[in-house]
Amino acid sequence: MGASLSLVPVLDYFARRECLRAGLHQNAVTLPYPDGGGGATCTVQYWAPQGEPELPPLLLVHGFGPRADWQWRCQVGPLSRHFHVIIPDLLGFGGSAYPSETAPPPTEATQAAVLAALLGALPGMERRRVAVAGTSYGGFVAYWLAREAGPARVGPVVIASSDLLKTAADDRAFLKRAGEGWGGVDEILLPAEPAALRKLLELASCRPPPRLVTPDFLLRDFIQKLFTQNRERLVHLLKGITVGTEKFQVTPISQEVLIVWGDHDQLFPVEKAFAVQRALNGTARLEVIPKTGHAPQLEDPARFNKVMLDFLLASHKPDPSVSGSAQ
């Protein structure tokens, strides 16, 4: 019986239900792939309301791991009451794909360029100013999009649990926190065995689930469905990350910025939140959510949603390209 039990379809059902209840529909669009050349294309799958925006647009960018609707499932309902919420799967995740056999892996810059193209392709969004929020890896992409598109296109920015300053030294410190026996960060971020997934949950959560409710057969099922089937693609994506290299230099941006962090984050420790704030000229607002780890939006969604909504609603400015209720 245990070998046939899978929680993945159950979690998938609840994530999809939250999006549908919020009035979002799943769609996909084919776009040029910036790094492909020769007419190469990519496919972006996304959730969004149908038709042109009647509320201010808000783009939610997920992190490295399960697809977007899983990671933002606790935000889509509350945020959709105030914003036209758009939740894409980044290239290589969920239903979004790029020509991985012939093209280099997408960097954060590539992901951001594709999101900009997606926004331009959606109904009524070509010239609309959009707020952007990104968690973890998605924060890298959100920052890059805001910097490259500029304040006329991208408004307020939320960077959650995202160490824009990550270096090789941070990776070594992460492995030290994980304990002995790990050959590299990818062994934990892309777990192949129950012990690795259990370690990832331990480091990412303030209150990781007890071993009693995470038996090995259940973790193996998660690994099979979320990692093993996509391992080659995910390894390819890891190679495309440029944070910590000369290709990803953090400079202040002109948009208003909110940084959100969990005080028990062991993937990106909370002191890195203050370093990111300093790198952005010290002007970004910083909110540390107690008793949460790397995913405060899931561990304390009520607090996270309030912090995010307070910031976005206070930062919202009328969009000069539209008028009336669509602002």
Side-chain angles (χ1 to χ4, degrees), residues 27-48 57 59-68 71-72 86-122 125-126 130-154 157-168 171 185-186 189-190 230-251 253 255:
N27 296 282
V29 62
T30 299
L31 299 167
Y33 184 62
D35 296 341
T41 62
C42 59
T43 300
V44 178
Q45 183 170 275
Y46 63 94
W47 289 90
L59 181 71
L60 300 180
V61 190
H62 66 86
F64 206 93
R67 68 182 192 225
Q71 297 189 37
W72 293 111
I86 305 161
I87 312 177
D89 286 330
L90 292 171
L91 295 180
F93 299 90
S96 296
Y98 65 98
S100 57
E101 295 183 358
T102 58
T107 64
E108 300 87 341
T110 305
Q111 298 276 19
V114 170
L115 291 184
L118 170 66
L119 293 174
L122 296 179
M125 284 292 299
E126 185 176 358
V130 57
V132 178
T135 179
S136 194
Y137 172 73
F140 305 159
V141 178
Y143 167 79
W144 198 283
L145 175 62
R147 190 174 73 179
E148 294 303 304
R153 181 59 161 151
V154 173
V157 180
V158 179
I159 296 173
S161 311
S162 184
D163 184 6
L164 303 179
L165 305 171
K166 187 180 79 69
T167 65
D171 287 341
V185 172
D186 58 314
L189 296 183
L190 299 177
N230 305 313
R231 179 166 299 278
E232 186 175 338
R233 182 174 62 180
L234 292 173
V235 169
H236 200 238
L237 285 166
L238 275 178
K239 294 177 180 177
I241 294 177
T242 62
V243 167
T245 73
E246 69 280 356
K247 295 180 180 179
F248 196 110
Q249 298 295 319
V250 177
T251 57
I253 56 178
Q255 294 93 334

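Bear in mind the structure is a predicted one, so any value in this text is a computation, not a measurement.
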Between atom [atom1] of [X] and atom [atom2] of [Y], what is the distance when rounded to the nearest 0.5 Å?
| X | Y | atom1 | atom2 | result |
| --- | --- | --- | --- | --- |
| Phe93 | Leu237 | CZ | CG | 5.0 Å |
| Gln249 | Leu165 | CD | CG | 10.0 Å |
| Glu232 | Glu101 | CD | CD | 8.0 Å |
| Leu164 | Tyr143 | CG | OH | 7.0 Å |
| Asp89 | Trp47 | CG | CH2 | 10.0 Å |
| Leu190 | Arg233 | CG | CZ | 12.0 Å |

Using side-chain heavy atoms (C-beta onward) and a distance below 4.5 Å, is [X] in contact with [Y]?
| X | Y | result |
| --- | --- | --- |
| Trp144 | Val243 | no |
| Tyr46 | Val29 | yes |
| Asp171 | Lys166 | yes |
| Leu90 | Phe64 | no |
| Val61 | Tyr137 | no |
| Thr135 | Gln71 | yes |
| Met125 | Ile86 | yes |

Counting N and O atoms only, with roles assigned by atom type, does the side chain of Gln255 sit under 3.5 Å from a partner on the main chain of Ala146, one being a donor and the other an acceptor?
->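 Yes, Gln255 side chain to Ala146 backbone: donor-acceptor pair under 3.5 Å.
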
Please give me the minimum heavy-atom distance between [X] and [Y], naming the atom from each residue.
| X | Y | result |
| --- | --- | --- |
| Leu145 | Ala116 | CD1-CB, 4.0 Å |
| Gly92 | Leu234 | O-CD2, 4.4 Å |
| Tyr33 | Pro105 | OH-C, 3.9 Å |
| Ile241 | Glu108 | CG2-OE2, 3.2 Å |
| Thr30 | Thr41 | CG2-CB, 3.8 Å |
| Pro99 | Ala40 | CG-CB, 4.3 Å |

Between Asp35 and Tyr98, does a side-chain contact (heavy atoms from CB on, under 4.5 Å) hold up when you go through it step by step?
-> CA-CA 10 Å; Asp35 296 341; Tyr98 65 98; over 6 Å; no

Val114 pairs by side chain to side chain contact (heavy atoms under 4.5 Å, CB included) with which of Cys42, Pro88, Ser96?
->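 Running side chain to side chain contact (heavy atoms under 4.5 Å, CB included) over Cys42, Pro88, Ser96 with Val114 returns exactly one hit, Cys42.
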
Decide yes or no on side-chain contact (heavy atoms from CB on, under 4.5 Å) for Val132 and Leu115, but give the supporting numbers first.
-> CA-CA 11 Å; Val132 178; Leu115 291 184; over 6 Å; no

